[in-house]
Structures are given as structure tokens and as C-alpha cells.
Amino acid sequence: MNKILLIIIGLLFLTNSNLWAKENNYLKNTLLVSNQLKLTFAHKIKRVKHFTIKKSGVIKHVYDIKNGLLSSGKTIKNLKAKGVKSIRIGQFNKNVLRIVIESKYLLAKQHRLKNRTLTIYLPAYNKVLSSKKVKKKRLYKKRHQKLIILDAGHGGRDIGASHRNIIEKDLTLSMTRKLRDVLKKMGYRVRMTRSTDKTMRLKERTDYANRYKGNIFISLHVNAAPKKRTPNVRYEGITVFYLSTKNIKKRLRKRRTHYKSKKRYSEKAAQQMISQWKSRHSKSLAIKVRKNIFKHLRKYYSVNDKGIKRQGFWVLLATTMPSILVETGYISHKKDLKRLQNSNYQRRLVEGIAKGVNSYFGL
Ligand SMILES: [Zn+2]
């Protein structure tokens, strides 16, 4: 007896679910709003099959709705939208309602199924997405108006700081090249005071920057702890420098005698060197670069932040544009040294600097 009862229940269940599966789902409403095609049915939509067919430059976007039925039985083809060649809603067979959208463009977003409503995003809607591309292009163009002078510290006979066979001039060149590549990819124009291993005087570097009228100047160096270490000072991590005008007259006089330069040049240079505009912008550049270095680099590494410092370095003094000098780490520090030799670390570090440059320009 029990077995028979179970079979009867089972049969009932089967016929019932079968009935459900065959239930007609009439299309109640078709709405074209802000480049979204919204189709509302009498019941919950169970399944939508979506595929595309490409044919001679036109893409057919097909949406099949199981059990879908047109109330009138007549194919709908009077719908018009931007970027769309045609929209057709018709009966594919007695069990399937088919929507075909013909367009030259791909529908970037997938359709959305919510209860009784199917929303299809039409190409024109995707203009919002493509506007991102336009923005990127515009940004690239704006960045292309900026010239960045990069200075790889030391070079040639001047090896800079060293630890065994690892020398500063090689590290700075490697990092500067990476920074050039990152900046160029972003859209900036870049010039390097040296892109090979050559000896260059400081004045040659600043003359180069001034001759090409760079918008900003960035010099990369590697630090080393002094022989006589000050107690409680941590000789590890990154320092960003910008110009200190302290003792500037004294420094200038020293330089002038050193290079035997004419007084007139020096006066003009002095004006430029202590220009308030340059000071303000160098400070801003330093702040932004430091902030972005750590924001970016600390996603991957724990790095010591030595902060922003002011110095009267010649390259900061004699450049006519906003300028900074980044001491990228200590060659004398075990962890710093290991990282400075690591290509990935170098890349992350210069990415941070480049982001700082973007932030400085507001681009
Ligand atoms: Zn150096």
C-alpha cells in the first residue's frame, strides 16, 4: 500500500513540475530607456540563453527566453536606439522567445535578470565605459606637455657610495631607466642627464636640465651611513630632499670660485635659485613624491621612512625648475642593499615616484 502511495505522489510531482516547466511566460511590457532595453514578463524568468554571432562587421546579440511568449504573436521590430542597427523580439519557436540586437559594437556589460525583468544594456550605454578611454587619452595628452628631467646620480669615474662590488652609480642608473619607462608609459616626455655610465660634473647636469627647460627635475641617489655614526640614528630607508636656502649665498660664492663663472650669470642664477615659486613647488613635489612612494611601496614591503629633508645640494640649487633628490636607501644597510639590487623592488619604488609626479601635476 505504502509503495503505491509513494508512486502516486511521485507521479503527481512529476506531472506538476512538468506543467511548471511548460508554463507560458507572456511578455507584458517592453521599455527602452536610457539605452537600456527592459523586458517585463508575467512570471519570473527562469533562464536566458545569451550568445553572439559575428558576421561581416556586425554583431548579433541573441537572447533566448525559455517559455517566453509574445502576447500579440507579432514580432516587435520598431524599437530604435543609438549605436544599434536593429532590435527584434520574436517567437523563435513555441517554447522560446528570441531577442536579436544587431550592432557594430559589442555590448560590454552582460544582461541583468531580476525576477520578472530582463535588462539588456545597449551599446550607447557603453559610451560611459568608453569615456574612460577618452579620459585616459586626454590625460596622456596633458602629461605629454610636461618634460621631466631625470638625473641618475654619479657615473663613470665617480662611482658614488659602494659596498663590495655593488656601486651607487649602477643602482641609480638602473632605477632612473625604470623611472623613465614608467613615466613615458604614463605619457610624460622624459630626458635623462645620463643614460649610460659616463662621468658628469654636477654643473653639466643642471645646465642640461636648464637648457631643455624641464618642468621638474628628479635626481636619484643611494645613501651610505657615515663612518662615524651618530647614536640613535637609523641609517635605513628612503629620504626625499628639496632645496634648503640656508647659507645659500655662502654656497654660491663657493661654487662661483670653483667654476670661475662670471658674476652676471651667478646673479641671475641666484635669483632663479632662490625663487619663491621654485621653493614652493619643490616642497610640494617632495611631499607628494614621498607620500606616494610609501603609499605604493608599503603594499609590498615594509620600508623605513626617513621623511623629507632640506639640503643645499647643487643639483637642487642650480636647476631653474622645481627639483628633488631621492636617496633611495642605504647601501650600508643589509636589508636596503638587498632590495636596491632587486629589480621588482626598484620597479615598485619608481612606480611610487611616478605616482607622486602625477599627484604633483594633478594629472
Ligand atoms: Zn649619491
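Along the sequence shown, residues carry numbers from 1.
Side chains of L122 and I87 form a contact here, defined as non-hydrogen atoms less than 4.5 Å apart. Contact annotation: the side chain of L27 approaches that of L39 to within less than 4.5 Å [non-hydrogen atoms, C-beta and beyond]. Using a 4.5 Å heavy-atom threshold, the side chains of L340 and V222 count as touching. Residues L118 and I65 form a side-chain contact, since some pair of their non-hydrogen atoms from C-beta on lies under 4.5 Å apart. Residues V48 and H111 have side chains in contact (heavy-atom distance under 4.5 Å, counting atoms from C-beta outward). Between L70 and K74 the shortest side-chain heavy-atom distance does not fall below 4.5 Å. L147 has its side chain out of reach of K213: every pair of non-hydrogen atoms, C-beta onward, lies at least 4.5 Å apart. At least one side-chain heavy atom of K278 sits less than 4.5 Å from a side-chain heavy atom of T319.
Using bins of under 30°, 30° to 60° and over 60° for the plane-to-plane angle, the ring pair Y300/H296 lands in the perpendicular bin.
For R138, the CZ atom is loosely surrounded, since the number of other residues' heavy atoms within 6.0 Å does not exceed 12. Under a cut-off of 6.0 angstrom, the local environment of CZ in R157 is sparse, with at most 12 non-hydrogen atoms contributed by other residues, nucleotides or ligands. Remark: R189 CZ is packed, more than 12 non-hydrogen atoms of other residues, nucleotides or ligands lying under 6.0 Å away. Within a 6.0 Å radius of NZ in K299, other residues, nucleotides and ligands contribute more than 12 heavy atoms. Atom NE2 of H43 sits in a crowded spot, with more than 12 heavy atoms from other residues, nucleotides or ligands closer than 6.0 Å.
Hydrophobic clustering (side-chain heavy atoms under 4.5 Å, transitive across Ile, Leu, Val, Met, Phe, Trp, Tyr) keeps W314 apart from I324. Residue L297 is grouped with residue L337 when hydrophobic side chains (ILVMFWY) are merged at heavy-atom distances under 4.5 angstrom, including chains of intermediate members. Note on V100 and L37: separate hydrophobic clusters, where clusters join Ile, Leu, Val, Met, Phe, Trp and Tyr whose side-chain heavy atoms are under 4.5 Å apart, directly or indirectly. Hydrophobic cluster membership differs between I89 and V62, with clusters built from Ile, Leu, Val, Met, Phe, Trp and Tyr side chains linked at under 4.5 angstrom. A continuous path of Ile, Leu, Val, Met, Phe, Trp and Tyr side chains, each step under 4.5 Å between heavy atoms, connects I293 with F361, placing both in one hydrophobic cluster.
Here E351 does not pair with K355 in a salt bridge; the nearest charged N to carboxylate O distance is not below 4.0 Å. By the 4.0 Å N-to-carboxylate-O rule, K203 lies close enough to D207 to be salt-bridged with it. Between R290 and D305 there is a salt bridge, since a side-chain N of the basic residue sits under 4.0 Å from a carboxylate O of the acidic one.
At least one donor-acceptor pair under 3.5 Å links the side chain of R298 to the backbone N or O of V303. Between the R164 side chain and the I166 main chain, no donor and acceptor come within less than 3.5 Å of each other. With hydrogens and angles disregarded, no donor-acceptor distance shorter than 3.5 Å links the side chain of D151 to the backbone of G153. A donor-acceptor pair under 3.5 Å is formed between the side chain of E168 and the backbone N or O of A161. Side-chain atoms of D64 do not come within 3.5 Å of backbone N or O of K49 as any donor-acceptor pair. Judged by distance alone, with hydrogens and angles left aside, the side-chain atoms of R143 form a donor-acceptor pair with the main-chain N or O of M186 at under 3.5 Å. The backbone N or O of V315 sits nowhere less than 3.5 Å from a side-chain atom of T206 that would complete a donor-acceptor pair. Under a 3.5 Å cut-off, the side chain of N210 and the backbone N or O of A318 do form a donor-acceptor pair. In this structure, N25 contributes its side chain and K66 its backbone to no donor-acceptor pair below 3.5 Å. Using a distance-only test at 3.5 Å, with no hydrogens or angles considered, no donor-acceptor pair links the side chain of N292 to the main chain of I353.
Geometric assessment of R191 against the ring of Y212 yields a positive cation-pi assignment under the 6.0 Å and 45° thresholds. By the 6.0 Å and 45° rule, K146 does not stack over the aromatic ring of Y360.
Across all their heavy atoms, V182 and A354 have their closest contact at CG1-CB, 3.6 Å. Minimum interatomic distance between F217 and A209 (heavy atoms only, all atoms of both residues): CD1-CB, 3.6 Å. Closest non-hydrogen pair, P226 versus Y235, comes out as CD-CE2, 3.4 Å. Counting all heavy atoms, side chain and backbone alike, S174 lies closest to Q346 at OG-OE1, 2.5 Å. Taking both residues in full, the closest heavy atoms of E204 and R201 are given as OE1-N, 2.8 Å, listed atom of the first, atom of the second, then distance. The nearest pair of heavy atoms linking S282 to P322 is OG-CA, 3.3 Å.
For R339 and N342, the side-chain atoms include no donor-acceptor pair closer than 3.5 Å. For E102 and S86, the side-chain atoms include at least one donor-acceptor pair closer than 3.5 Å. Using a 3.5 Å distance cut-off with no hydrogens or angles, the side chains of N29 and T40 do not pair a donor with an acceptor.
Going from atom CD of E327 over to atom CG of N223 covers 4.0 Å, rounded to the nearest 0.5 Å. To the nearest 0.5 angstrom, Q91 atom CD is 8.5 Å from T75 atom OG1. Here the CG atom belonging to N115 is positioned 8.0 Å from the CD1 atom belonging to I45, to the nearest 0.5 angstrom. Considering NZ of K178 and CG of N344, their distance stands at 9.0 Å, rounded to 0.5 Å. Rounding to the nearest 0.5 angstrom, the gap separating the CE atom in M200 from the NZ atom in K169 is 14.5 Å. Atom CG in L243 sits 13.0 Å away from atom NZ in K283 (nearest 0.5 Å).
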Test side chain to side chain contact (heavy atoms under 4.5 Å, CB included) on I149 and I216; report intermediate values, then the result. CA-CA 6 Å; I149 311 283; I216 55 169; over 6 Å; no

Run the side chain to side chain contact (heavy atoms under 4.5 Å, CB included) test on I148 and L150 for me, step by step, so that the C-alpha distance in whole Å, both residues' side-chain angles and the decisive distance to 0.1 Å come before the verdict. CA-CA 6 Å; I148 297 161; L150 299 180; 3.7 Å; yes

Verdict with reasoning, F313 to F241, per ring-ring contact (aromatic ring centres under 6.0 Å, His included): CA-CA 9 Å; F313 296 133; F241 289 92; 5.1 Å; yes

Verdict with supporting geometry, R229 and S332, side chain to side chain contact (heavy atoms under 4.5 Å, CB included): CA-CA 12 Å; R229 298 190 183 205; S332 49; 4.2 Å; yes

Please report the C-alpha distance between S302 and K335 in whole Å, then the side-chain angles of each, then the deciding distance to 0.1 Å, and finally whether the side chain to side chain contact (heavy atoms under 4.5 Å, CB included) criterion is met. CA-CA 11 Å; S302 78; K335 199 165 91 182; 3.9 Å; yes

Apply the test side-chain hydrogen bond (donor to acceptor under 3.5 Å, both in side chains) to residues Y188 and N358: give CA-CA distance (whole Å), side-chain angles for both, the deciding distance (0.1 Å), then the verdict. CA-CA 10 Å; Y188 294 103; N358 282 344; 2.6 Å; yes

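Between H154 and H221, the ring centre distance stays below 6.0 Å. Ring centers of Y301 and Y345: under 6.0 Å apart, within the cut-off. The six-membered or imidazole ring of H50 lies near that of Y63, with a centre-to-centre distance under 6.0 Å.
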